[in-house]
Amino acid sequence: MDKTLTLVLGPTAVGKTDYAVSLAQEYGSPVISCDSRQIFSEMRIGTAPPSEEQLRAVRHYFIFSHSVSQYYSAGLYEVEALALLSELFKEHDRLVMVGGSGLYADAVCYGFDDFPPADQELRAELTARAVSEGVDVLAEELRVLDPESYAVIDLSNRQRVVRALEVTLSTGRKFSSFKTAPRKKRFFNVERKILSMPREELYARIDRRAEKMFECGLVDEVRSLEKYRNMPALRTVGYREVFDYLDGKISLDEAVELVKRNTRRYAKRQITWFNRY
């Protein structure tokens with residue numbers, strides 16, 4: 001194969017976008033995002049997307065390209081991204097992909113294994129428990145049954161915790177075991193560049209960025225998305241906390257601090273995911 005996809009990966013706030021843009025300019029490539037939230041056009045503050053200057057510097061794909069009102073998944077991304085790559089590789093030998101969503105990156109590189117169909121009855125039961133008892137209770141059960149999945153998935157994402165526990169309970173197999181099948185062959189080589197920095201520096205950058213998001217109008221953005229608040233895309237850090245503030249459950253200062261804390265926790269899970277490489 002004479003085509004190469006260069007993946008720029010790493011935790012949130014580590015500087016992936018700046019590096020990817022400079023690399024794309026060097027290669028003469030567009031930038032293909034593999035971020036599971038920057039894809040939504042209505043989420044322009046809380047997802048820390050590329051700046052207008054960066055978007056002008058090189059062509060970007062999968063940035064603000066879909067509506068939060070529509071269901072989207074890593075499986076759909078795999079299909080759409082591969083179709084795009086097949087077209088772009090006709091004109092480019094090297095392409096740059098960037099993002100912090102390890103699941104989306106892996107979908108492009110390896111594809112998905114054949115997971116069992118959903119057990120709707122069990123899923124409904126687990127979802128009800130997550131609402132009444134809290135997602136932390138289900139996450140603890142997942143830790144006992146499938147510590148591998150517990151270590152890498154977003155434990156604050158109720159949908160993902162429920163799905164992992166549902167598959168584990170309904171099949172008697174760990175959710176993580178379905179990810180061990182032979183990898184699908186791709187028509188391009190994969191090169192990874194994993195960015196990192198000292199933990200304290202990364203956390204300081206995360207805190208500053210969270211503060212800037214609020215200064216730039218994150219509360220108003222979240223308020224404008226009220227009718228979509230139950231969509232999976234909005235059950236994410238930066239949006240859940242502001243919804244709690246708008247519901248009167250916490251103060252604005254508490255929302256800011258929770259966004260910082262939960263983003264730092266998310267970054268730790270990203271680091272765990274990318275350390276596999």
Side-chain angles (χ1 to χ4, degrees), residues 5 7 9-12 34-37 39 71-82 85 97 99-192 194 196 232-233 235-237 262 265-277:
L5 178 66
L7 279 163
L9 305 170
T12 186
C34 62
D35 187 285
S36 64
R37 295 298 180 259
I39 197 170
Y71 174 76
Y72 200 74
S73 68
L76 290 172
Y77 178 78
E78 176 189 359
V79 173
E80 294 185 359
L82 288 177
L85 291 175
M97 177 173 282
S101 301
L103 191 63
Y104 277 44
D106 280 1
V108 171
C109 295
Y110 309 127
F112 281 111
D113 300 325
D114 294 326
F115 282 89
D119 183 328
Q120 296 294 350
E121 185 175 347
L122 178 58
R123 177 176 294 187
E125 176 187 334
L126 292 172
T127 300
R129 284 188 56 206
V131 172
S132 62
E133 302 173 31
V135 71
D136 290 345
V137 175
L138 271 64
E140 176 59 20
E141 292 182 15
L142 182 65
R143 184 189 67 79
V144 173
L145 296 172
D146 184 2
E148 292 84 2
S149 290
Y150 177 88
V152 297
I153 69 172
D154 181 356
L155 298 175
S156 63
N157 187 315
R158 186 180 71 191
Q159 186 181 33
R160 291 187 181 176
V161 172
V162 166
R163 176 57 173 158
L165 196 55
E166 169 211 326
V167 170
T168 301
L169 292 173
S170 64
T171 66
R173 284 178 55 189
K174 294 180 180 180
F175 180 71
S176 56
S177 72
F178 287 93
K179 301 178 181 180
T180 58
R183 295 171 174 176
K184 296 178 182 178
K185 292 183 179 180
R186 297 307 193 200
F187 56 91
F188 48 85
N189 299 304
V190 174
E191 174 188 62
R192 291 183 183 82
I194 313 295
S196 65
R235 298 178 195 146
T236 192
V237 177
N262 293 337
R265 290 179 175 177
Y266 176 55
K268 285 180 65 176
R269 291 192 294 273
Q270 289 177 300
I271 291 168
T272 297
W273 183 290
F274 296 127
N275 277 348
R276 298 178 305 155
Y277 304 124

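All values below were derived from every heavy atom in this structure, side-chain atoms included, with hydrogens, water molecules and symmetry-related copies excluded. Note that the coordinates shown come from a computational prediction; the quantities given were computed from them, not determined experimentally.
In this structure the side chain of Ile153 reaches within 4.5 angstrom of the side chain of Leu142, judged on heavy atoms. Contact annotation: the side chain of Ser156 never approaches that of Arg265 to less than 4.5 Å [non-hydrogen atoms, C-beta and beyond]. Ser101 has its side chain out of reach of Cys34: every pair of non-hydrogen atoms, C-beta onward, lies at least 4.5 Å apart. Side chains of Tyr77 and Val108 form a contact here, defined as non-hydrogen atoms less than 4.5 Å apart. At a threshold of 4.5 Å between non-hydrogen side-chain atoms, the residues Leu155 and Val135 do not count as touching.
A donor-acceptor distance shorter than 3.5 angstrom exists from the side chain of Ser149 to the backbone of Ser176, with no hydrogens or angles considered. Within the 3.5 Å criterion, the main-chain N or O of Val152 finds no donor-acceptor partner in the side chain of Thr272. Between the Arg123 side chain and the Arg163 main chain, no donor and acceptor come within less than 3.5 Å of each other.
Residues Pro11 and Gln270 share a closest heavy-atom pair of CA-OE1, 3.3 Å. Closest of all the heavy-atom pairs between Phe187 and Leu82 is CZ-O, 4.2 Å. Closest non-hydrogen pair, Ala130 versus Val162, comes out as CB-CG2, 4.4 Å. Here the closest non-hydrogen pair linking Leu5 and Met97 is CD1-CB, 3.9 Å. Between Gly99 and Leu9, the shortest heavy-atom distance links the atoms O-CD2, 3.4 Å. When all heavy atoms of Pro147 and Lys174 are compared, the closest pair comes out as CD-NZ, 4.4 Å.
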**Request:** Evaluate the side chain to side chain contact (heavy atoms under 4.5 Å, CB included) criterion for residues Val190 and Tyr110: first the C-alpha distance (whole Å), next the side-chain angles of each, then the deciding distance (0.1 Å), finally the verdict.
**Result:** CA-CA 10 Å; Val190 174; Tyr110 309 127; over 6 Å; no
**Request:** Please step through side chain to side chain contact (heavy atoms under 4.5 Å, CB included) for the pair Arg158 and Val131, ending with a clear verdict.
**Result:** CA-CA 9 Å; Arg158 186 180 71 191; Val131 172; 3.2 Å; yes
**Prompt:** Going through the checks in order, is the side chain to side chain contact (heavy atoms under 4.5 Å, CB included) test met by Val144 and Glu141?
**Reply:** CA-CA 5 Å; Val144 173; Glu141 292 182 15; 5.9 Å; no
**Request:** Run the numbers on Arg129 and Glu140 for salt bridge (Lys or Arg N to Asp or Glu O under 4.0 Å), then give the verdict.
**Result:** CA-CA 13 Å; Arg129 284 188 56 206; Glu140 176 59 20; over 6 Å; no
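Between atom OG1 of residue Thr168 and atom CG of residue Leu145 there is a gap of 6.5 Å, rounded to the nearest 0.5 Å. For the atom pair Ser36 OG and Leu103 CG, the distance stands at 8.5 Å (nearest 0.5 Å). Distance check, rounded to the nearest 0.5 Å: OG1 of Thr127 to CG of Leu122 gives 9.0 Å.
Ring geometry for Tyr72 versus Tyr104: interplanar angle of 30 to 60°, hence tilted.
Applying the salt bridge (charged side-chain N to carboxylate O under 4.0 Å, His left out) test to residues at least two apart or on different chains, the pairs with a partner in residues 267-277 are Asp106-Arg276, Asp154-Arg269.
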